[in-house]
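None of the values given here were measured: they were computed from a predicted structure. Letters A, B, ... mirror the listed sequences (proteins, then strands); counts begin at 1.
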Amino acid sequence: MTWSKVERVRELARLVGITIAEDELGEVADRVDSLLRELEKLAALDLAPIQPVTVFPEETDHGA
Amino acid sequence: MAHDELAFLSAIETARAIRAKQVSPVEVVQAYLARIGRLDKTLCGYITVLGEHALAAARAAERTLMVDADVGPLFGVPMAVKDQFWTKGVPTTNGSRAYRDFVPAQDATVITRLSQAGTILLGKLAMSELALGGTRRPAWGISRNPWDLERTPGESSTGAGVALAAHLCAASVGEDTGGSGRTPAAYCNAVGLRPTYTRVSRHGLMPACWFLDQAAPMTKTVEDCAFVLGAIAGYDPKDPSTSRRPVPAYAARLGQSIRGIRVGLIRELHGHPDVHPEVKQAIETAGETLRALGAEVREISIPLIVQAGAIYVAIGDTEGAGACDELLRDRPGDLDPASRTRLQAASLVPFKVYNRAMKARVLLRRQFMEAFGQVDVLMSPTSPYPAPKHAALTAPFAGTDDVRARFFFRRSYTGSYALAALPAISVPCGFTTDRLPIGLQIGARPFAEETLLQVAHAYEQATRWYTHRAPAATAS
């Protein structure tokens with residue numbers, strides 16, 4: 001079965017437990033779709049060896 | 001000096017005049033309150049004005065000056081803060097109807113430190129809802145850019161931009177998650193600094209994304225910015241993530257030559273085909289000015305920076321949605337449609353995508369640090385275009401391409417520094433032919449705010465764009 005982007009958003013919203021108004025489903029779908037498309041560009045990068053961090057450790061030097 | 005002219009002094013000029021007893025803190029506060037009363041109905045820079053509180057604090061400051069001449073560099077300066085900082089006993093709305101009745105029981109550390117520095121709190125400033133952006137129906141009215149009332153003052157520290165451009169406070173502290181301090185500064189001909197992450201306490205700062213949020217000094221001049229940063233920076237046991245590094249005297253290098261300082265013009269941001277031509281020209285002229293001051297300016301590449309807007313949204317918005325989870329589930333109707341749809345979209349971002357963005361963030365930081373192996377500071381436009389019209393900013397998106405063009409592109413300019421946890425400052429850099437302000441962004445390596453301020457100050461003093469007055473600031 002192929003879902004439209006709006007149907008996919010409606011189903012995802014149900015799964016995560018939020019209610020999206022019918023008249024706002026299109027906008028939410030556009031926002032999600034554009035982000036996923038934009039981040040597809042990162043797929044070309046070799047990110048496998050990188051460990052994500054929230055706060056970077058401080059450098060030992062004290063700036064310029 | 002005429003009463004109204006007091007409000008056009010910088011924060012440091014105001015403090016000097018107070019220390020020299022050329023003017024009393026009460027007179028200064030009265031001057032600002034009179035301007036707020038006259039202009040802010042139209043401009044909507046403030047959510048809450050603390051008139052009685054400010055006057056009482058000013059009278060107390062007068063009494064202090066009678067017995068103690070040894071006061072700090074910001075003593076008596078009337079300031080205002082973004083309504084994202086807790087203020088004990090004073091409503092703190094986070095720009096949202098959802099928090100309109102929230103009254104904190106304690107002050108944010110930033111508020112405590114501003115008070116310890118002897119500043120006087122004039123009020124709480126308008127902001128786009130939850131420090132996001134594009135709020136379509138702001139609960140406290142549409143904040144208007146004093147340079148052109150049809151245009152946005154910038155987001156999300158909207159009120160700080162308004163209040164500085166219209167001289168409704170002497171200095172302010174906004175907040176910068178992905179550019180929320182620097183962008184209003186650029187659009188309003190003011191100075192906005194994002195300090196290194198961990199430099200300033202986040203205790204009592206209502207969160208958007210906890211590992212990107214930073215308090216942002218927003219001021220009329222670079223000198224003011226240095227002193228405000230000095231007042232609020234430093235370790236805070238209430239925010240264990242804050243750095244224990246000593247706080248330097250940030251103003252110490254202001255006025256020193258920048259001869260020999262290496263400046264990198266970020267090719268991907270400056271050379272992008274969608275940059276407004278007058279912004280591009282202004283940045284090139286800024287490069288020539290820095291060269292004339294003795295700096296070595298050359299182009300430098302940070303390849304991943306063009307993707308920073310999308311990376312930022314994937315991380316910042318997803319974290320923001322997490323911070324607002326209860327609100328999104330139980331009271332979505334309390335939110336403005338722009339915030340609601342943005343956070344709902346972020347709630348649906350798959351973990352795989354979030355994780356990829358978090359890894360790309362680390363790679364972006366590496367690319368920045370490689371650049372800092374070749375140059376001391378980086379420069380670019382703060383925003384690729386001047387302040388947009390309100391209608392263009394708040395219109396619902398018309399498809400995925402519209403989201404990409406309006407939502408991600410601009411965020412690469414400021415969001416990149418936030419992702420990399422680096423300090424960056426926006427300083428006035430001229431005007432378009434329509435008299436819209438342009439901002440020059442200068443960035444530096446972690447904890448190099450002194451270098452940043454030194455270069456920004458040299459540029460500011462050579463150009464003096466900050467002395468220009470917005471039309472709405474001089475309206476009677």
>> Heavy-atom pairs under 4.5 Å with chain B: which of A/V9, A/V32, A/L39 has the most?
In response: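 It is A/L39.
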Measure [X] against the heavy atoms of chain A and call it side chain, backbone, both or neither at under 4.5 Å.
| X | answer |
| --- | --- |
| B/R340 | side chain |
| B/V362 | both |
| B/S243 | both |
| B/F407 | side chain |
| B/S347 | both |
| B/A420 | backbone |
| B/P350 | side chain |

Using a 4.5 angstrom heavy-atom cutoff, name the option from [options] with the most pairs to chain A.
| options | result |
| --- | --- |
| B/G399, B/A421, B/P332 | B/G399 |
| B/L212, B/I311, B/L328 | B/I311 |
| B/E319, B/E449, B/R404, B/R342 | B/R342 |
| B/P396, B/A444, B/A310 | B/A310 |

Sub-4.5 Å side-chain heavy-atom contact between [X] and [Y]:
| X | Y | value |
| --- | --- | --- |
| A/P52 | B/N355 | yes |
| B/R366 | A/I50 | yes |
| A/L35 | B/F408 | yes |

>> Please determine whether a side-chain nitrogen of the Lys or Arg among A/E27 and B/R136 lies less than 4.0 Å from a carboxylate oxygen of the Asp or Glu.
In response: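 Salt bridge flag = yes for B/R136 with A/E27.
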>> Looking at every non-hydrogen atom in both residues, tell me the closest pair between B/R361 and A/T54 and how far apart they are.
In response: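 Scanning both residues, the minimum pair turns out to be NH1-O, 2.9 Å.
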> Between B/L419 and A/F56, which heavy-atom pair has the shortest distance, and what is it?
Replying inline: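 In this case the closest contact between B/L419 and A/F56 is O-CE1, 3.5 Å.
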> Is it the backbone or the side chain of A/L36 that comes under 4.5 Å from a heavy atom of chain B, or both, or neither?
Replying inline: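 Contact with chain B: side chain only.
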>> At a 4.5 Å cut-off on heavy atoms, which part of A/I20 comes close to chain B: side chain, backbone, both, or neither?
In response: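 When you check distances to chain B, atoms from both the backbone and side chain of A/I20 fall under 4.5 Å.
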> Does NZ or CZ of A/R31 come closer than 6.0 Å to the centre of the six-membered ring of B/F397, within 45° of the ring's axis?
Replying inline: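 No; the conditions do not both hold, so A/R31 does not lie above the ring face of B/F397.
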>> For the CZ atom on B/R329, are there more than 12 heavy atoms of other groups (residues, nucleotides or ligands in this structure) within a distance under 6.0 Å?
In response: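 It does: B/R329 CZ has more than 12 such atoms within range.
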> If you count the non-hydrogen atoms of other residues, nucleotides and ligands that lie under 6.0 Å from CD in A/Q51, is the total more than 12?
Replying inline: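 Atom CD in A/Q51 is not crowded, with 12 or fewer foreign heavy atoms closer than 6.0 Å.
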When you measure from the side chain of [X] to the backbone N and O of [Y], does any donor-acceptor pair fall under 3.5 Å?
| X | Y | answer |
| --- | --- | --- |
| A/R37 | B/D401 | no |
| B/Q344 | A/T19 | yes |
| B/R356 | A/L42 | no |

> Measuring from B/D402:CG to A/D30:CG, what's the distance to the nearest 0.5 Å?
Replying inline: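 Rounded to the nearest 0.5 Å, the CG-CG separation comes to 8.5 Å.
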> Could you walk me through whether A/E38 and B/V313 pass the side chain to side chain contact (heavy atoms under 4.5 Å, CB included) check?
Replying inline: CA-CA 10 Å; A/E38 208 57 23; B/V313 171; over 6 Å; no
